[in-house]
Enquirer: 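Structure incoming, see below.
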Amino acid sequence: MKTIDQLLAEGVAGKRVFVRADLNVPLAGTAITDDGRIRAVLPTVAKLAEAGARVVVASHLGRPKGAPDPAFSLAPAAARLGELLGTEVAFAADTVGDSARSVVAGLADGQVAVIENLRFNPGETSKDDAERAAFADQLASLADVYVGDGFGAVHRKHASVYDLPARLPHAAGYLIAGEVGVLKKLTDDAKRPYAVVLGGAKVSDKLGVIDHLLEKADRILIGGGMAYTFLKAQGHEVGASLLQEDQIPVVREYLERAGKKGVEFVLPVDVLVAAAFPDLKTKAPAHPTAVAVDAIPAGQMGLDIGPESRKLYASKLADTATVFWNGPMGVFEHPDYAEGTKAVAQALVDSPAFTVVGGGDSAAAVRTLGFDENAFGHISTGGGASLEYLEGKTLPGLAALED
């Protein structure tokens, strides 16, 4: 895989360099609520611009239906990129149409442009190889060189991620190189004890990574909505908590395998319950009750790990050498259910281990709850991509960058 430093050594002055970034930032209207993904691609974009490249930045945002939708415009991300770079960033109002061609043609050496949301074109995400290839051909006409730096999208077989690199000289940006380096540490050379913390809503989203990590981890801590399927598999009643009944046999099998392999599974010993899901808009007090996991009342739902579980999880992370964390412990967006996620984050900060926060809601939680990002070993920009890498899957966007 060619690095961006090798590309720069060959010279990029005057060349149109297409940077596939991940500017998929959360928006409240047109206001960006977390610019972490924009900041993550800054080193690559800035270095290319300094070297005299004509930088064309492209990304997706959200899930538009293959047609323009103002709610998913990249215009706010383009404006924020310009603020962070300290220079004007041009914005094209389409992906491969008149605006994109005009904006790219108007770039001078060292200037940067952002083209509109790639998913406004159905060819970007099409499962039809020919349709995807046709869109990749149009994108290729805008550039001389391709730099892949959107780690959050490398697990997708999309035109700008998979097909486009085959049409242009290509290299990996700083972000992707850094992400892959960190994930290799977790898969090939993890120092022990190696603990994995998994949360989030659905256990089905994490089955593949649990299966793979049973061969590598020493300790697996489970929280979030997915914990209730594990608790049900152990024979506990979980009231109205999130439950995937169809996954109980698989979960039981994993618990049995873990026991045979000596992998410690850590589940909550108490949880916070309430009769209703909290109002995340008003953040009105929810008045949850802490109960033991064998005493969850019928009609009540678990929404965070409880105080005893927080202490337990902190103790299980205190002596580790490597920790990977993906998924919150509860509904962290509401202050009454944020303490479990906060406790895990604090345990990682306090630990001497090499700590990796695996993107997605976990990365958002770290920032939302006010933690210093530099207190963690690495915060990934791609939750799904990180998980699939740890599952041992071949990621299309990384395979496409291989020489």
Enquirer: Shortest non-hydrogen contact from L317 to A195?
Expert: CD2-CB, 4.0 Å

Enquirer: Checking R257 against E215 for the salt bridge (charged side-chain N to carboxylate O under 4.0 Å, His left out) test, could you report, in this order, the C-alpha distance in whole Å, the side-chain angles of both residues, the deciding distance, and whether it holds?
Expert: CA-CA 10 Å; R257 277 176 56 197; E215 306 297 325; 3.2 Å; yes

Enquirer: Measure across F18 and A143 and return the closest heavy-atom pair with its distance rounded to 0.1 Å.
Expert: CB-CB, 3.6 Å

Enquirer: Could you check L23 against H60 for side chain to side chain contact (heavy atoms under 4.5 Å, CB included), going step by step and ending with a plain yes or no?
Expert: CA-CA 7 Å; L23 308 181; H60 69 286; over 6 Å; no

Enquirer: Between D149 and R20, does the salt bridge (charged side-chain N to carboxylate O under 4.0 Å, His left out) criterion hold? Intermediate values first, please.
Expert: CA-CA 6 Å; D149 214 29; R20 200 335 179 159; over 6 Å; no

Enquirer: Looking at side-chain heavy atoms only, is the closest gap between W325 and L221 below 4.5 Å?
Expert: no

Enquirer: Can you find a heavy atom in the side chain of L27 that is under 4.5 Å from one in the side chain of I32?
Expert: yes

Enquirer: Give a yes or no answer on whether the side chain of H334 reaches the backbone of A284 with a donor-acceptor pair at less than 3.5 Å.
Expert: yes

Enquirer: Can you tell me how far the CD1 atom of I248 sits from the CD atom of E245, to the nearest 0.5 Å?
Expert: 4.5 Å

Enquirer: For the atom pair CG (D336) and CG (D304), what is the distance rounded to the nearest 0.5 Å?
Expert: 10.0 Å

Enquirer: Using the side chain to side chain contact (heavy atoms under 4.5 Å, CB included) rule, take Y389 and H155 through it: C-alpha gap first, then chi angles, then the decisive distance, then the call.
Expert: CA-CA 8 Å; Y389 191 100; H155 58 315; over 6 Å; no

Enquirer: Taking all heavy atoms of V112 and all of A49, pick out the closest pair and write down the distance.
Expert: CG2-CB, 4.2 Å

Enquirer: Begin from the C-alpha positions of V56 and I115 and carry the test side chain to side chain contact (heavy atoms under 4.5 Å, CB included) through to its verdict.
Expert: CA-CA 7 Å; V56 181; I115 63 174; 4.0 Å; yes

Enquirer: Could you walk me through whether R119 and R63 satisfy the side chain to side chain contact (heavy atoms under 4.5 Å, CB included) test, starting with their C-alpha distance in whole Å, then the side-chain angles of each, then the deciding distance to 0.1 Å, before giving a yes or no?
Expert: CA-CA 7 Å; R119 291 185 182 175; R63 296 180 182 273; 4.0 Å; yes

Enquirer: Do the side chain of D361 and the main chain of G327 share a donor and acceptor less than 3.5 angstrom apart?
Expert: no

Enquirer: Assess the residue pair K157 and E388 against the criterion (salt bridge (charged side-chain N to carboxylate O under 4.0 Å, His left out)); give the C-alpha distance rounded to whole Å, side-chain angles, the decisive distance to 0.1 Å, and a yes or no.
Expert: CA-CA 13 Å; K157 193 176 182 180; E388 290 198 16; over 6 Å; no

Enquirer: Is the NZ atom of K47 crowded by more than 12 outside heavy atoms at less than 6.0 Å?
Expert: no

Enquirer: Could you walk me through whether E10 and K15 satisfy the salt bridge (charged side-chain N to carboxylate O under 4.0 Å, His left out) test, starting with their C-alpha distance in whole Å, then the side-chain angles of each, then the deciding distance to 0.1 Å, before giving a yes or no?
Expert: CA-CA 11 Å; E10 294 171 0; K15 293 182 179 179; 5.9 Å; no

Enquirer: So do V203 and V251 actually touch side chain to side chain, heavy atoms under 4.5 Å?
Expert: yes

Enquirer: Quick one: CG on L255 to CD1 on I220, what's the gap to the nearest 0.5 Å?
Expert: 9.5 Å

Enquirer: Would you say that L303 contacts P288 through its side chain, given a criterion of any heavy-atom pair below 4.5 Å between the two side chains?
Expert: no

Enquirer: Would you call the rings of F371 and F376 parallel, tilted or perpendicular, where under 30° means parallel and over 60° means perpendicular?
Expert: perpendicular

Enquirer: State, with a plain yes or no, whether a side-chain heavy atom of F265 is found less than 4.5 Å away from one of L214.
Expert: yes

Enquirer: Going by distance alone, is a donor N or O of one side chain under 3.5 Å from an acceptor N or O of the other, for T229 and Q247?
Expert: no

Enquirer: Has the side chain of E124 got a donor or acceptor atom that lies under 3.5 Å from a matching backbone atom of G66?
Expert: no

Enquirer: Kindly say whether Q138 contributes a backbone atom to a donor-acceptor pair with the side chain of S141 at under 3.5 angstrom?
Expert: yes

Enquirer: Does the side chain of N24 reach to within under 4.5 Å of the side chain of R37, using non-hydrogen atoms?
Expert: yes

Enquirer: Should we count NZ of K216 as having more than 12 external heavy atoms under 6.0 Å?
Expert: yes

Enquirer: Over all heavy atoms of both residues, which pair between A58 and L118 is shortest? Give the atoms and the distance, please.
Expert: CB-CD1, 3.9 Å

Enquirer: Between N326 and G358, is there a donor-acceptor pair closer than 3.5 Å when you use the side chain of the first and the backbone of the second?
Expert: yes

Enquirer: Got a donor-acceptor contact below 3.5 angstrom from the D35 side chain to the I38 backbone?
Expert: no

Enquirer: For atom CD of E237, is the number of surrounding heavy atoms from other residues, nucleotides or ligands below 6.0 Å larger than 12?
Expert: no

Enquirer: To the nearest 0.5 angstrom, please state how far the CD atom of Q244 sits from the CG atom of D205.
Expert: 7.0 Å

Enquirer: Below 4.5 Å, heavy atoms only, C-beta onward: do L280 and P278 meet side chain to side chain?
Expert: yes

Enquirer: Give, for atom CG of L213 and atom CZ of F324, the distance between the pair rounded to the nearest 0.5 Å.
Expert: 7.5 Å

Enquirer: Kindly give the heavy-atom pair with the smallest separation between T320 and R219, and that separation in Å.
Expert: CG2-NH1, 3.9 Å

Enquirer: Is there a side-chain contact between Y146 and L139 (heavy atoms, below 4.5 Å)?
Expert: no

Enquirer: Tell me which donor-acceptor pairs under 3.5 Å the side chains of residues 171-186 have, and how far apart each pair is, sequence neighbours excluded?
Expert:
from, atom 1, to, atom 2, distance (Å)
Y174, OH, D5, OD1, 2.6
E179, OE1, H378, NE2, 2.9
E179, OE1, S380, OG, 3.0
E179, OE2, S380, OG, 3.4
E179, OE2, T381, N, 2.7
E179, OE2, T381, OG1, 2.9

Enquirer: Test your reading of the model: is there a side-chain donor-acceptor pair from S99 to the backbone of A92, 3.5 Å cut-off?
Expert: no

Enquirer: Please check if atom OH in Y162 has more than 12 non-hydrogen atoms from other residues, nucleotides or ligands closer than 6.0 Å.
Expert: no

Enquirer: Hey, could you give me the CE/CD1 distance between M329 and I305, rounded to the nearest 0.5 Å?
Expert: 6.0 Å

Enquirer: Does I222 offer a backbone N or O that forms a donor-acceptor pair with the side chain of Y313 under 3.5 Å?
Expert: yes

Enquirer: Checking T187 side chain against L390 main chain: does a donor-acceptor pair fall under 3.5 Å?
Expert: no

Enquirer: Give a yes or no answer on whether the side chain of S386 reaches the backbone of G382 with a donor-acceptor pair at less than 3.5 Å.
Expert: yes

Enquirer: I need the minimum non-hydrogen distance between V96 and F135, along with the two atoms involved.
Expert: CG1-CE1, 3.8 Å

